[in-house]
Amino acid sequence: MKRKTITHAARLLCVLALAMSLTTAAFAADPPEPVQPSPCYPTAVTRSEDGGEIRKMYDLGPEDNPAGIPRSDFEQEGYHYTLTDLLKQELPANESRQHTETVSVNSKSKDMGAVLALLPQTKEFVTEDGLAGTLALKLDTVNVEVAGYGSSTKSVTATRTYPGLADQDTQYIPKSITDNGHSLTLQTVNWQTEGDGHFTAVASYSGSATSSYVKGYTVTADYAGTVSRINLNKVRYVAIFEGTALEPVAPEEPGDTPSPDLTDPAAPTTPVDPTDAPTDAPTSEKNKVLPVVAVVAAVLLGGGAFYFIKRRR
């Protein structure tokens, strides 16, 4: 009878220990995290002139998931943008259109021969949205403008002769003169004696002259032609964001912020919403508590069984 009792008690302990271990493993297992789609990047971005709308174009292949297209609000250049629509467009197998591209080059001369030497007759271009083609120069659009002016300064000298002077006195010599529009000042005087006892003064004047010159020219011209591309099973998504102008933040007045010392202690405080408290403990905390509970339960059950068997004996 004692042996049967011991056998039943041992089986009971094994069943309880197995149940506790399975329960602990079930609670300790974390749920699998959802797989995040790969982020998508736009192939082209356009913005309206007034800043009220931004369109982002995504050309996705069969393996791309459109869930990776960003949809969150963002701020740019004083506007807050919110997604309002996401359009899906089937791209044709062969896409082409007319395109005009304006180029700008610098030139040291405004001579048309030198200018045209800087502009090839044709150019290879790739547009922002990936269309490519060969464009031809439109001669009637070639325009040459002055890029800027510079200035240079040089020394200017002049000589004046004053004959028939009674004596060698510089009071008869002008202290400044104007020569070809430049103002010059007296530097030196050389005296020569004439046959009748008079004197001739040879005066030297100097000054500076500033002149301007063209530093260079800016040449602009248009190239026009057809651009195209081949789309291999591509689907275009157009994310349309509407923009709202941000209000400028007004500076806070010094007297607007109440002092903590002046706060009424009797003022009621905002009650804490019990629904804001977390309802579930973190999984890591469960994983730490459950094994301890299992061990304590197993010890208590083992001690009780041992006491029961001893009493039966």
Side-chain angles (χ1 to χ4, degrees), residues 44-52 54 76-79 97-165 168-192 194 199-227 245 248:
V45 178
T46 62
R47 183 172 183 266
S48 60
E49 293 183 359
D50 60 356
I54 285 181
Q76 178 178 322
E77 297 182 4
Y79 284 82
R97 68 169 182 265
Q98 291 294 315
H99 181 74
T100 300
E101 190 83 16
T102 301
V103 300
S104 177
V105 296
N106 297 324
S107 176
K108 296 181 179 181
S109 172
K110 64 178 180 179
D111 178 71
M112 190 55 64
V115 169
L116 292 178
L118 301 174
L119 300 171
Q121 293 299 310
T122 59
K123 267 183 172 292
E124 297 291 333
F125 282 96
V126 178
T127 64
E128 293 182 353
D129 53 348
L131 278 74
T134 302
L135 308 183
L137 174 65
K138 299 179 67 176
L139 291 175
D140 58 340
T141 64
V142 177
N143 184 41
V144 182
E145 294 182 353
V146 175
Y149 293 92
S151 61
S152 61
T153 302
K154 63 179 181 179
S155 298
V156 179
T157 60
T159 302
R160 295 290 186 271
T161 300
Y162 302 99
L165 300 179
Q168 299 181 9
D169 192 347
T170 57
Q171 67 174 338
Y172 304 113
I173 310 301
K175 302 303 184 288
S176 62
I177 61 173
T178 300
D179 183 74
N180 294 329
H182 305 300
S183 179
L184 308 180
T185 57
L186 179 64
Q187 298 298 319
T188 60
V189 178
N190 294 323
W191 297 95
Q192 297 177 359
E194 300 178 1
F199 299 93
T200 298
V202 180
S204 298
Y205 297 86
S206 67
S208 61
T210 302
S211 60
S212 61
Y213 62 93
V214 176
K215 297 176 68 175
Y217 300 89
T218 300
V219 180
T220 58
D222 291 344
Y223 286 81
T226 302
V227 291

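Keep in mind it's a predicted model, so treat the numbers as computed, not measured.
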Quiz prompt | Nearest heavy atoms of Pro174 and Tyr205, plus distance in Å | solution = O-OH, 2.6 Å

Quiz item: Which pair of heavy atoms, one from Thr159 and one from Ser204, lies closest together, and at what distance?
Solution: OG1-OG, 4.4 Å

Practice problem: Indicate the atoms forming the closest heavy-atom contact of Leu137 with Tyr223, along with that distance. | Solution: N-CD2, 3.4 Å

Quiz item: Looking at Thr134, Thr100, Val103, Leu131, which one forms a side-chain contact (heavy atoms from CB on, under 4.5 Å) with Phe125?
Solution: Val103

Quiz item: Going by distance alone, is a donor N or O of one side chain under 3.5 Å from an acceptor N or O of the other, for Thr157 and Ser206?
Solution: no

Quiz item: Quick one: CD on Glu128 to OG1 on Thr46, what's the gap to the nearest 0.5 Å?
Solution: 9.0 Å

Quiz item: Just wondering, are more than 12 heavy atoms of other shown residues or ligands nearer than 6.0 Å to NZ in Lys154?
Solution: no

Practice problem: Would you mind reporting whether Thr218 and Asn106 have side-chain heavy atoms less than 4.5 Å apart? | Solution: yes

Quiz item: Minimum heavy-atom separation for Ser109 to Asp111, with atom names?
Solution: OG-N, 3.0 Å

Practice problem: Would you give the length of the straight line joining atom CG of Asn190 to atom CD of Gln168, rounded to the nearest 0.5 angstrom? | Solution: 10.5 Å

Exercise. Would you check, one step at a time, whether the test side-chain contact (heavy atoms from CB on, under 4.5 Å) holds for Thr127 with Arg97?
Key: CA-CA 11 Å; Thr127 64; Arg97 68 169 182 265; 3.9 Å; yes

Quiz item: Checking Gln98 side chain against Ala224 main chain: does a donor-acceptor pair fall under 3.5 Å?
Solution: no

Self-check item: Lys123 side chain near Glu101 side chain, heavy-atom distance below 4.5 Å
Solution: no

Exercise. Over all heavy atoms of both residues, which pair between Tyr162 and Ala203 is shortest? Give the atoms and the distance, please.
Key: CE1-CB, 4.0 Å

Self-check item: Minimum-distance pair of heavy atoms, taken over all atoms of Ala209 and Val156
Solution: CB-CG2, 3.5 Å

Quiz item: What's the spacing between Thr102 OG1 and Lys138 NZ if we round to 0.5 Å?
Solution: 9.5 Å

Quiz item: If you round to the nearest 0.5 Å, how far is CD1 of Ile177 from CG of Leu184?
Solution: 5.0 Å

Quiz item: Hey, are the side chains of Leu135 and Asp222 touching, using non-hydrogen atoms and a 4.5 Å cut-off?
Solution: no

Practice problem: Check the angle between the aromatic planes of Phe199 and Trp191 and answer parallel, tilted or perpendicular using the 30° and 60° thresholds. | Solution: perpendicular

Practice problem: Report yes or no: do Glu194 and Thr200 form a side-chain donor-acceptor pair below 3.5 Å? | Solution: yes

Quiz item: Do Leu165 and Ile173 come within less than 4.5 Å of each other through their side chains, counting heavy atoms only?
Solution: yes

Quiz item: Would you say Val142 and Met112 make side-chain contact, with heavy atoms under 4.5 Å?
Solution: yes

Quiz prompt | Inter-residue atom distance Ser151.OG - Lys215.NZ, 0.5 Å rounding | solution = 9.0 Å

Quiz item: Is a side-chain donor-acceptor pair under 3.5 Å present for Thr185 with Ser176?
Solution: no

Quiz item: So does Gln171 have more than 12 non-hydrogen atoms from other groups sitting under 6.0 Å from CD?
Solution: yes

